[in-house]
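First comes the structure, then the notes that go with it.
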Amino acid sequence: MSGGPPASGGGDRDGRNPVGIDELLEQVRAGYERVGPAEAAAEAADGALLVDIRYAALRERDGLIPGALVVERNELEWRLDPQGSHRAPEAVSHGLRVVVICNEGYASSLAVASLRLLGLHRATDLTGGFQAWRAAGLPVTL
């Protein structure tokens, strides 16, 4: 054993070869295609579920995306697991297209990794988060 990091360059789950958050985000994002604001809006119009995981103070300050399901980050997996007893009515199948939205597009990437582990294989997130949505001039309600 060399004692060095695994050949993949990533850390392992027992913490012996930890990675920083930037590397973790890079690893997570390599497993799926992220979407920009216009693409997220188009996908929502075609039936994708937009899920806003921002905390209440940010939603109160900046507003909401019309039609987005608001789910606190600490409840996300329970609310979107189609097999879960606490699922949201919108969580109809593992094939559901879900676009997770946080404030700036960081926490949403980690949330997507968790949803994909639950079998939501079409989950993705919005590059730049809510701030990118708003900057693109897309609808927001205050």
Side-chain angles (χ1 to χ4, degrees), residues 1 4-142:
M1 296 187 109
S8 68
D12 57 29
R13 291 184 186 226
D14 67 7
R16 288 181 296 177
N17 296 306
V19 299
I21 188 62
D22 293 332
E23 185 177 346
L24 178 60
L25 282 170
E26 184 179 315
Q27 290 174 11
V28 164
R29 290 171 176 166
Y32 67 94
E33 292 289 324
R34 303 177 81 204
V35 297
E39 188 176 359
E43 289 197 23
D46 287 339
L49 179 62
L50 302 182
V51 180
D52 186 344
I53 63 168
R54 294 175 300 140
Y55 54 90
L58 289 177
R59 295 191 311 265
E60 291 168 8
R61 182 189 77 190
D62 294 337
L64 299 168
I65 296 172
L69 176 66
V70 174
V71 178
E72 297 287 337
R73 175 61 190 98
N74 64 328
E75 298 178 356
L76 183 67
E77 292 81 359
W78 285 267
R79 303 291 288 149
L80 292 187
D81 178 3
Q83 298 174 334
S85 59
H86 296 354
R87 71 182 172 276
E90 296 87 349
V92 295
S93 79
H94 287 97
L96 179 65
R97 178 62 162 173
V98 175
V99 180
V100 182
I101 302 166
C102 67
N103 195 49
E104 295 181 341
Y106 297 99
S108 56
S109 295
L110 299 177
V112 166
S114 183
L115 292 178
R116 286 177 162 255
L117 286 172
L118 284 175
L120 291 154
H121 61 276
R122 297 182 64 214
T124 189
D125 70 323
L126 174 59
T127 303
F130 177 86
Q131 297 305 323
W133 177 279
R134 184 171 64 180
L138 292 165
V140 172
T141 60
L142 297 175

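Note that this is a predicted model, so its numbers are computed, not measured.
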Compare every heavy atom of [Y] with every heavy atom of [X], then report the nearest pair and how far apart it is.
{"X": "His121", "Y": "Gly95", "answer": "CE1-CA, 3.7 Å"}
{"X": "Asn103", "Y": "Gln131", "answer": "OD1-NE2, 2.9 Å"}
{"X": "Ala38", "Y": "Leu138", "answer": "N-CD1, 4.1 Å"}
{"X": "Ile101", "Y": "Gly129", "answer": "CG2-C, 4.0 Å"}
{"X": "Ala136", "Y": "Pro37", "answer": "CB-CB, 3.8 Å"}
{"X": "Gly105", "Y": "Asp125", "answer": "O-OD2, 3.9 Å"}

Candidate pair Leu96 and Arg122, rule side-chain contact (heavy atoms from CB on, under 4.5 Å), full reasoning | CA-CA 6 Å; Leu96 179 65; Arg122 297 182 64 214; over 6 Å; no

Roughly how far, to the nearest 0.5 Å, is [atom2] of [Y] from [atom1] of [X]?
{"X": "Asp52", "Y": "Arg73", "atom1": "CG", "atom2": "CZ", "result": "13.0 Å"}
{"X": "Leu118", "Y": "Trp78", "atom1": "CG", "atom2": "CH2", "result": "9.0 Å"}
{"X": "His94", "Y": "Leu115", "atom1": "NE2", "atom2": "CG", "result": "10.0 Å"}

Presence of salt bridge, Arg87 and Asp81, under 4.0 angstrom |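 Salt bridge absent between Asp81 and Arg87.
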
Should Arg29 and Glu33 count as an ion pair when the cut-off is N to O under 4.0 Å?
->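 So Arg29 does not pair with Glu33 through a salt bridge.
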
Test log, rule salt bridge (Lys or Arg N to Asp or Glu O under 4.0 Å), inputs Arg54 and Glu60 = CA-CA 10 Å; Arg54 294 175 300 140; Glu60 291 168 8; over 6 Å; no

Check whether any side-chain heavy atom of [X] lies under 4.5 Å from a side-chain heavy atom of [Y], and answer yes or no.
{"X": "Leu110", "Y": "Ile21", "result": "yes"}
{"X": "Val51", "Y": "Leu80", "result": "yes"}
{"X": "Leu24", "Y": "Ser109", "result": "no"}

Take Glu90 and Arg79 through the side-chain contact (heavy atoms from CB on, under 4.5 Å) test and state the conclusion after the steps.
-> CA-CA 9 Å; Glu90 296 87 349; Arg79 303 291 288 149; 5.9 Å; no

Quickly, which of Ile53, Leu64, Ile65, Leu58 forms a side chain to side chain contact (heavy atoms under 4.5 Å, CB included) with Phe130? Name it, please.
->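 Of the listed residues Ile53, Leu64, Ile65, Leu58, the side chain to side chain contact (heavy atoms under 4.5 Å, CB included) partner of Phe130 is Ile65.
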
More than 12 non-hydrogen atoms from neighbouring residues, nucleotides or ligands closer than 6.0 Å to OH on Tyr106, yes or no?
->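 It does not: Tyr106 OH has 12 such atoms or fewer within range.
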
Would you indicate whether Glu75, at its atom CD, is surrounded by more than 12 heavy atoms from other residues, nucleotides or ligands within a distance under 6.0 Å?
->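 Atom CD in Glu75 is crowded, with more than 12 foreign heavy atoms closer than 6.0 Å.
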
For Trp133 and Pro139, indicate whether the former's side chain and the latter's backbone hold a donor-acceptor pair under 3.5 Å.
-> yes

Taking Arg97 for its side chain and Leu49 for its backbone only, find out whether a donor-acceptor pair lies under 3.5 Å.
-> no

Just do the side-chain contact (heavy atoms from CB on, under 4.5 Å) check on Asp62 and Val140 with the steps written out, would you?
-> CA-CA 8 Å; Asp62 294 337; Val140 172; over 6 Å; no

Passes side-chain contact (heavy atoms from CB on, under 4.5 Å), Val112 versus Val28? Steps please.
-> CA-CA 8 Å; Val112 166; Val28 164; 5.7 Å; no

